[in-house]
**Q** 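Take this structure, written in structure tokens, and hold onto it; I'll ask about it next.
The sequence lines fix the lettering, A, B, ..., with proteins before strands; numbering per chain opens at 1.
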2 protein chains.
Amino acid sequence: MSTAVAPDGALRIGDVARLVGTTARTIRYYEEIGLLGEHATRQSGSHRVYSEAEVEHLREVMRLRSLLGVSLDELKTLVEAEEARKVLRAEVQAGVEDPLRLHSLLTEALGHLDDQLALVRRRASELNGLQADLEERRGKVEDRLRALQPR
Amino acid sequence: MSTAVAPDGALRIGDVARLVGTTARTIRYYEEIGLLGEHATRQSGSHRVYSEAEVEHLREVMRLRSLLGVSLDELKTLVEAEEARKVLRAEVQAGVEDPLRLHSLLTEALGHLDDQLALVRRRASELNGLQADLEERRGKVEDRLRALQPR
DNA sequence: TCGACAGTTTACGTGAACGTAAGCTTCATG
DNA sequence: CATGAAGCTTACGTTCACGTAAACTGTCGA
């Protein structure tokens with residue numbers, strides 16, 4: 001054993017792909033269309049490296065995509081929430097404490113979250129409706145089966 | 001006003017498209033790939049006519065597709081449940097009363113319903129999980145906003 | 001330093017799910 | 001029975017979301 005598998009602690013594109021259950025191509029594609037906010041400018045040709053936070057972001061993106069069934073384009077506007085949170089974190093980390101600025105950032109994040117929630121709630125209620133319908137049908141079929149075999 | 005809009009009571013493809021919110025092309029495509037169980041053989045060239053039951057079936061197909069996010073191919077196996085129910089209805093209507101036959105048909109329908117339910121339940125729980133996560137985040141953002149403006 | 005595995009860019013290919021156009025035909029209505 | 005809106009078939013076009021191949025590095029452990 002002596003291959004260039006793991007750098008040290010850094011995550012490369014293949015590692016991330018395995019972690020979130022996708023392919024390197026998909027990650028590059030998502031980056032290409034701007035789904036993964038500009039991560040530290042990188043020398044063209046050099047390897048992409050990812051932080052744990054970026055992996056989490058990607059997971060969230062794929063989760064939203066899978067559960068909401070939206071196009072990657074619609075998703076772009078949806079994940080602006082994450083961008084807003086990132087900016088927020090960065091500024092707080094950097095010591096910015098202007099309450100007006102913070103208020104604006106928080107309000108923006110709140111708006112994005114509400115957008116996401118509206119979508120999710122509607123979908124969830126539709127899905128729960130479907131589930132109820134199916135369960136009702138199932139019950140009826142079961143009743144008819146029981147009626148066939150009284151014992 | 002004097003156009004060949006509505007036949008009499010029969011539904012044509014354009015009517016159905018409007019009713020379920022899709023296009024005639026899509027309906028023809030679904031028929032082509034076998035998503036809409038063979039409806040009464042039709043002379044090539046003559047207009048397609050649909051019963052209310054077929055409209056309902058199409059609605060269900062699109063509902064499953066939209067909410068489960070499955071491919072049309074996967075959907076084909078999923079909607080076999082509807083086919084089973086259709087066969088059941090037809091046979092009962094035709095006076096078949098062989099209990100073994102009925103039992104077999106009902107059991108088949110039950111199996112298909114359970115398949116659908118398994119999918120739906122998993123999705124529903126994932127979506128509810130997502131909703132909970134988003135609501136938690138929303139709560140935290142709100143807390144921070146309140147902390148900014150004590151009054 | 002070197003070897004090779006994993007990564008990079010570029011570009012063309014692909015499958016799914018329809019859109020669209022052309023030319024012709026039904027069919028309810030006046 | 002004439003007419004025209006809507007439908008039919010056939011076939012090629014299109015968009016999205018990646019897959020895949022080629023030719024070339026970057027990078028880490030030995």
**Q** Mind calculating the distance between NE2 (B/His47) and C1' (C/dT26) to the nearest angstrom?
**A** 4 Å

**Q** Roughly, in whole Å, what's the span from CG in A/Asp15 to C1' in C/dA6?
**A** 9 Å

**Q** Is A/Arg137 paired with B/Glu60 through a side-chain N to carboxylate O contact shorter than 4.0 Å?
**A** yes

**Q** For A/Gln43 and C/dG7, give me the distance from atom CD to atom P, rounded to whole Å.
**A** 19 Å

**Q** Evaluate salt bridge (charged side-chain N to carboxylate O under 4.0 Å, His left out) for A/Arg122 paired with A/Glu126, printing each intermediate quantity in order.
**A** CA-CA 6 Å; A/Arg122 203 150 65 82; A/Glu126 285 176 355; 3.8 Å; yes

**Q** As a test of reading the structure: which of D/dT9, C/dT9, D/dC18 is closest to the side chain of A/Arg42, going by heavy atoms?
**A** C/dT9

**Q** If I take atom CG in residue B/Leu11 and atom C1' in nucleotide D/dA6, what distance separates them, rounded to the nearest angstrom?
**A** 14 Å

**Q** Rounded to the Å, how far apart are B/Asp73 CG and C/dA16 P?
**A** 7 Å

**Q** Can you tell me if the side-chain N/O atoms of A/Arg48 get under 4.0 Å from OP1 or OP2 in C/dT9?
**A** yes

**Q** Just compare C/dG19, C/dT9, C/dC18 and give me whichever is closest to any side-chain atom of B/Thr23.
**A** C/dG19

**Q** Considering only side-chain heavy atoms of A/Arg12, which listed nucleotide, D/dC18, C/dT8, C/dA6, is closest?
**A** C/dA6

**Q** Within the pair B/Tyr30 and C/dC18, is there a side-chain N or O less than 4.0 Å away from OP1 or OP2?
**A** yes

**Q** Rounded to the nearest Å, what distance is computed from the CD1 atom of residue A/Ile27 to the C1' atom of nucleotide D/dA17?
**A** 15 Å

**Q** Does a side-chain N-to-carboxylate-O contact under 4.0 Å join B/Glu142 and B/Arg138?
**A** yes

**Q** Grab the two heavy atoms, one from A/Ala10 and one from A/Val49, that are nearest each other, plus how far apart they are.
**A** CB-CG1, 4.4 Å

**Q** Please determine, for the side chain of B/Ser46, which listed nucleotide (C/dC27, D/dC8, D/dG26) has the closest atom?
**A** C/dC27

**Q** Under 4.0 Å from OP1 or OP2 of C/dA6: is there any side-chain N or O of A/Arg28 that close?
**A** no

**Q** Specify the residue among B/Gly45 and B/Val70 whose closest nucleotide of DNA chain C lies further upstream toward the 5′ end.
**A** B/Val70

**Q** Choosing from D/dA11, C/dG7, C/dA11, which nucleotide comes nearest the side chain of B/Arg25?
**A** D/dA11

**Q** Rounding to an integer number of Å, can you tell me how far B/Ile13 CD1 sits from C/dC18 P?
**A** 13 Å

**Q** Which nucleotide sits closest to the side chain of A/Thr26: D/dG19, C/dA17, D/dC8?
**A** D/dG19

**Q** Within this structure, what is the CG-to-P distance between A/Leu75 and D/dC16, rounded to whole angstrom?
**A** 14 Å

**Q** Salt-bridge test for A/Arg146 and A/Asp143: reply yes if a basic N is under 4.0 Å from a carboxylate O, no otherwise.
**A** yes

**Q** Would you say A/Tyr29 places a side-chain N or O within less than 4.0 Å of OP1 or OP2 belonging to D/dG19?
**A** no

